[in-house]
Amino acid sequence: MKINRICCIGAGYVGGPTMSVIAQKNPEIRVDVVDLNEQRIADWNDQDLTKLPIYEPGLDGVVAEARGRNLFFSTEVDDAIEKADMIFISVNTPTKTYGTGKGMAADLKYVELCARQIARVAKDDKIVVEKSTLPVRTAEAIKSILDNTGNGVNFQILSNPEFLAEGTAIDDLLSPDRVLIGGEQSEEGQAAINALASVYGAWVPEDRILTTNLWSSELSKLTANAYLAQRVSSINALSELCEATGADVDEVAKAIGMDSRIGPKFLKASVGFGGSCFQKDILNLVYISKSLGLDAVADYWEQVIIMNNHQRARFAKKIITTLYNTVSGKKITFLGWAFKKDTNDSRESAAIYVADMLMDERAEIAVYDPKVSSRQMLEDLNYLNTRSESENEELMDTHNEPYGATDGAHAVAILTEWDEFKDLDWERIYKGMQKPAFVFDGRNIMDSQRMRDIGFIFQGIGKPSE
Ligand code: UDX
Ligand code: ADP
């Protein structure tokens, strides 16, 4: 089975970069990325590559090479579906905000809409690839919709979870640890798996392409993220213990990470993990376990989320208690809003929750982030529904450079580990701030001695206070 045309539904953080790399590496395959969101598609087509809707190092170069050659972005969803041999579903699957499973289960309405649309439009056999993170056994639901509402054509469903991390998406796509493809255990299923494997085979070594049954593939995606998130929550739990005992969490991380059985990655204590995947995937795992009556399993994984919420709250509380138990009317400057560096994505970012808690105490928050727009910051806060939009606007002030943001502040809190924060003129920042000038480093990126020498009262995560 030779793939000539690919369609990807959803031009977001997953679909956009993934399809750009697939198109770059397979110039003979036409790749159409489609989305309902007209503005998003217009941004993908902008001649000015700094206007791409997603900030991702190296993405502009890949798009520049493939766009208009064999990579196309459009809103013509039906047309792209009809002409494609292989269709990727890369739409969002947010946590449900209503009904059964509210706050836990994945909302599959966008996925179901896609399946129905594919069924309605397809006039010949298609391979449908789940790219969005989905709960286990979603492929079964997609297959049922396709088979029962389609035009009598054959569909093969594959699960091909994305393991790219934002901020390093292009590198992760170009040299993945593994590509996972799950499919039906039948001759047709195997042919579909091979067809997708050959698309990746254009640049990924064969021994890194792993094939499994559908359910293993779906479950592996959830559990890979659950394991990673668990590591972050584990080190964050230790960070509190370090602060209480005088140990240094970075020293502990180094000492345990050198044990080859533990390994050095994902041991960075922080103000808490964020992003579109970790929380959502663990909640999914918890929900599935509960639905299956596996309460101990559900409780075990839920603790990872509880620890993360605690870490965010603990950071906010530390700011309040250190600032003499009141932040009312005080300007507190956030450096960073994104959930990690090198992305403009702020979904589930710790910054949102820390800001919300401080605003409850009537603090005035000033924010500078190199890539997140001020509109997005306000939307993030409004989404929490804690207070009215006008109150949020009143209490939050956004800046497009750091010195105005920190001028007159009582405290600076570092929420994202952007490299440029390390090289700011911290003497200048100190001069402009109220005294005593406090810095809370939620990412442990600053040299504490240097900061204390300048005059700051400085506190890191899991670090001795003097
Ligand atoms: C994650 C997975 O890594 C990726 O494989 C999957 O496809 C999607 O989810 P992503 O959410 O983009 O990727 O970022 P990741 O690098 O995993 O970081 C997630 C969060 O954990 C960030 O907020 C990050 O700051 C935090 N983190 C990570 C820590 O606090 N400490 C660490 O040591 C590592
Ligand atoms: P992710 O991080 O999973 O890529 P995003 O929210 O960045 O999530 O991207 C998902 C995209 O899918 C959005 O741009 C949204 O407009 C698009 N989308 C959702 N449902 C549909 C649909 N039925 N048809 C086309 N595009 C859709």
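Position 1 is the first residue of the sequence; numbering continues from there. Note that ligands are numbered from 1 as they come in the structure, with each ligand's atoms numbered from 1 the same way.
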What are the polar N/O contacts of ligand 2 with the protein below 3.5 Å, with distances?
| residue | atom | partner | partner atom | Å |
| --- | --- | --- | --- | --- |
| ligand 2 | 2 (O) | R347 | NH1 | 3.2 |
| ligand 2 | 2 (O) | R347 | NH2 | 2.8 |
| ligand 2 | 4 (O) | Y13 | N | 3.0 |
| ligand 2 | 4 (O) | V14 | N | 2.9 |
| ligand 2 | 7 (O) | Y13 | N | 3.1 |
| ligand 2 | 7 (O) | R40 | NH1 | 3.3 |
| ligand 2 | 8 (O) | R347 | NH1 | 3.4 |
| ligand 2 | 9 (O) | R40 | NH1 | 3.3 |
| ligand 2 | 14 (O) | D35 | OD1 | 3.4 |
| ligand 2 | 14 (O) | D35 | OD2 | 2.6 |
| ligand 2 | 14 (O) | R40 | NH1 | 2.7 |
| ligand 2 | 16 (O) | D35 | OD1 | 2.6 |
| ligand 2 | 26 (N) | L36 | N | 3.4 |

Using the rule given for side-chain contact (heavy atoms from CB on, under 4.5 Å), can you reason through I22 versus L71, listing the C-alpha separation, both sets of side-chain angles and the distance that settles it, and then say yes or no?
CA-CA 9 Å; I22 286 183; L71 174 66; over 6 Å; no

Under 4.0 Å from ligand 1, residues with heavy atoms, in chain and number order, are E162, F163, L164, A165, E166, K221, N225, L228, V232, F266, L267, K268, S270, F273, G274, C277, F278, F339, K340, R443

Parallel under 30°, tilted from 30 to 60°, perpendicular over 60°: which one fits the rings of W203 and Y200?
tilted

Between D380 and W337, is there a side-chain donor-acceptor contact under 3.5 Å, judged purely by atom types and distance?
yes

With distance as the sole criterion, is a donor-acceptor pair present between the side chains of E348 and Y353 under 3.5 Å?
yes

Would you call D78-R120 a salt bridge at under 4.0 Å N-O?
yes

Would you mind checking if E166 and K341 are paired as a salt bridge, meaning a charged N to carboxylate O distance below 4.0 Å?
no

What I want to check is whether the side chains of D299 and Q303 have a donor and an acceptor closer together than 3.5 Å.
no

Scan side-chain atoms only and decide if S239 and R314 contain a donor-acceptor pair under the 3.5 Å cut-off.
yes

Is it true that the side chains of S233 and N308 contain a donor and an acceptor less than 3.5 Å apart?
no

